[in-house]
Amino acid sequence: MLSANQISATPFQKIALSMSGGGYRAASFHLGSLAYLNHLTYQNKPLLEQVSMISTVSGGTITGIVYALGQQNGQSFDQIFDYLMKTLQQVDLVKEGLTQLNPDAVWDNKTKRKNLINAFANLYDKHFTKGATLGMLEAEGHLEHIVFNSTEFNHAVNFRFRNRQAGYSGNHYMRYNTPLTNEIKLSDVMAASSCFPGGFEPLLWPHDFVHEAAPALAALAKANLPVGIMDGGIYDNQGIDSILNYKDDSKKPPYFDLVIISDVASPDMAPFKPFQENPKKGLFTKTIGEIRDDIGRFIIQSTWALLLLILLFALLPACWNYTNSIASGIMLAIAGVMLLLLIGKLWLVAEAKKVYEEKAAWFRATYKGFYLDKISALDFNSISLHRAQPLIMDRINSLATLLMDVFLKVVRRLNYNRLYQDDRYQYRRISNLIKELISEDSPGIKQSKTKATENTPTAANELENIAPETIGRVAGRAAAFGTTLWFTEEENDADLLNDLVATGQFTMCYNLLQYLERITTDSGSGFAELPPEAQKALQETRAECQRHWEQFTANPYYLID
């Protein structure tokens, strides 16, 4: 009998697939991953049709929603694939979104605040979801459990939008059942899941989700204060957490025969570079005290200059006894404008001085001991701009790196470790990483051809270094593509969309081939204990996957061409 840390007695029958965030790079790579799962069969059935759960984040949610909705509407995979390929290539979300913010732009949904994230929600509805709601995603197809992940800002946890089969949406603190969740537009879900910090403002739950056919959402918004919802990648950019938190009361964990993590993020990051100091000459030789004094002198001198100009333009018409009405009017108008500028300037200076003095007094009172004992030991006024600039910029740059890179990498590692340090999944997990097969000369990216950072198994024997340069170059171009929501004309001319999709396809093939080889050759996998027909089916799938890999090595685009 197979143990809990061996392969399932029904391999590939129940698959969980997560799709990471990463803008159009993620949406395109994951589309390729889905395409290959649809291409490889087990027991004469595509693996994609045996995916029972998807968990998506940000850019992965674009692909996840379009696929789930298309499948629900009875579309073939080829129809879904062609539609999403065309839409990703043609739609520049940023350009269209910014256009919607113009004063003369039509804003149809009056319940939404007029901002960029809601503009994107409108565009997602127009181009991707066509008015569809979460309630339209039934559990009639192979997707039994669907989770689109975002992060809520009241409790700093995941906020999951789930289909009806899952029972509810939200989280432990905020749980919402049908019919309310049925009213949620999939375009708003897509916007909430991909609402990354800095680029967007938070989407407000449930207020920004209200529309003309959502009475339950409108009632909820009327009775509650709004909650900020942002990108699911803040909490878990890979969507692993939702899969590992899945429960099935009818069986014991692990609940899935295979967990596949499709991921365009990377454990790598650029090393921190200290600020390059400017030469100590010119302005950079001045101390902060001297610069402060220069600013003070400039304020005084510019005030006197404005006063003199006001007097000049006000008294100049006296030269002709104010008889030339046109010239006199112009001069007096200029004097009036300058007077207003002077008053405004004096007011701004006074307000700035007032705010500074209030904040300084608050700081001294709040941190009295620290201020007197520590900070006062440093003579700020004597520090040169040459020395102050790196002190300031290194702090700003390190903080930006911490927020945009370090935190995301730490969260990524923690979630991967939950999966890869659990022995129950040692024969039931695959990570499909965009950077695995890049060639050594791929421009602009750091090499990371193993998965040791996630405690994943290294490549199996003869598969270790068999990726040819053709595949490596395609993967390198795909991995170097930025986290954007558009393709430029140059990128479309270079067929970068095809590079991304093809990379998703052949990387998924590569990882499935590693996995199949491992479970069919490793003595501890439980393969030998399977019935002969199950062993034969796995060997047939492995042989099919091997043939596909050989086709990819000959032509990385063979599934697209």
Side-chain angles (χ1 to χ4, degrees), residues 20-26 57-59 94 116-117 151 153 156 194-202 228 230-238 263-292 294-295 352 355-356 359-360 363 366-367 370-371 374-416 434-435 438 442-448 453 476 479-486:
S20 76
Y24 271 13
R25 180 176 77 244
V57 183
S58 196
V94 174
L116 189 59
I117 189 58
T151 306
F153 278 22
S194 58
C195 181
F196 59 86
F200 298 100
E201 52 279 291
M230 293 202 80
D231 196 302
I234 300 169
Y235 185 82
D236 171 17
N237 195 45
Q238 284 62 49
D263 188 5
V264 302
S266 168
D268 303 323
M269 57 181 284
F272 176 78
K273 294 182 180 179
F275 182 79
Q276 186 66 40
E277 296 182 3
N278 290 293
K280 192 175 182 179
K281 61 182 181 179
L283 177 64
F284 292 95
T285 62
K286 287 183 173 291
T287 65
I288 292 176
E290 290 172 340
I291 293 172
R292 184 197 61 193
D294 288 344
I295 293 173
V355 170
Y356 170 78
K359 296 297 182 184
F363 182 84
T366 305
Y367 302 101
F370 177 78
Y371 175 78
K374 312 296 181 185
I375 297 181
S376 59
L378 177 62
D379 185 3
F380 286 97
N381 289 329
S382 65
I383 297 177
S384 68
L385 187 60
H386 166 78
R387 181 58 53 205
Q389 193 179 21
L391 290 175
I392 296 170
M393 294 308 300
D394 278 347
R395 281 161 176 76
I396 293 174
N397 292 336
S398 62
L399 182 61
T401 301
L402 180 70
L403 295 175
M404 302 305 296
D405 280 316
V406 175
F407 281 169
L408 290 178
K409 306 301 182 189
V410 170
V411 172
R412 180 182 190 271
R413 188 177 301 113
L414 290 173
N415 280 299
Y416 265 104
I434 194 171
K435 292 182 66 174
I438 58 176
S442 297
I445 51 179
K446 185 178 178 181
Q447 307 304 310
S448 179
T453 52
F481 182 73
T483 306
T484 66
L485 290 169
W486 67 87

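Model, not experiment: these values are computed from the prediction.
For the pair Phe153 and Ile234, the minimum side-chain heavy-atom distance is below 4.5 Å. Two residues are said to be in side-chain contact when any heavy atoms from C-beta on lie closer than 4.5 Å; Thr287 and Asn381 fail this criterion. Looking only at side-chain heavy atoms (C-beta outward), Val57 and Asp231 come within less than 4.5 Å of each other. Taking 4.5 Å as the limit, every side-chain heavy atom of Leu385 sits out of range of all side-chain heavy atoms of Lys286. Considering only heavy atoms from C-beta on, Arg395 comes within 4.5 Å of Leu391 through its side chain. Residues Phe407 and Leu402 meet the side-chain proximity criterion, which asks for heavy atoms closer than 4.5 Å.
Atom CE in Met230 sits 10.0 Å away from atom OG in Ser194 (nearest 0.5 Å). Atom-to-atom distance recorded for Gln389:CD and Gln276:CD is 10.5 Å, nearest 0.5 angstrom. Distance check, rounded to the nearest 0.5 Å: OG1 of Thr401 to NZ of Lys273 gives 11.5 Å.
Taking all atoms of both residues into account, the shortest heavy-atom contact from Arg412 to Ala265 is NH2-O, 3.7 Å. The shortest non-hydrogen separation linking Ile438 to Lys435 is CG1-O, 3.3 Å. Between Leu408 and Gly233, the closest heavy-atom pair is CD2-O, 3.5 Å. Cys195 and Phe200 get closest at one heavy-atom pair: SG-CB, 3.6 Å. When all heavy atoms of Ser266 and Lys409 are compared, the pair lying nearest together is O-NZ, 2.5 Å. Of all the heavy atoms in Leu485 and Gly23, the pair that sits closest is CD2-CA, 4.0 Å.
Remark: the backbone N or O of Phe275 is paired with a side-chain donor or acceptor of Asp394 at under 3.5 angstrom.
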Side chain to side chain contact (heavy atoms under 4.5 Å, CB included) between Phe196 and Thr483, worked out | CA-CA 11 Å; Phe196 59 86; Thr483 306; 5.9 Å; no
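For Arg387, the side-chain hydrogen bond (donor to acceptor under 3.5 Å, both in side chains) partners two or more places apart in sequence, or in a different chain, are Glu277.
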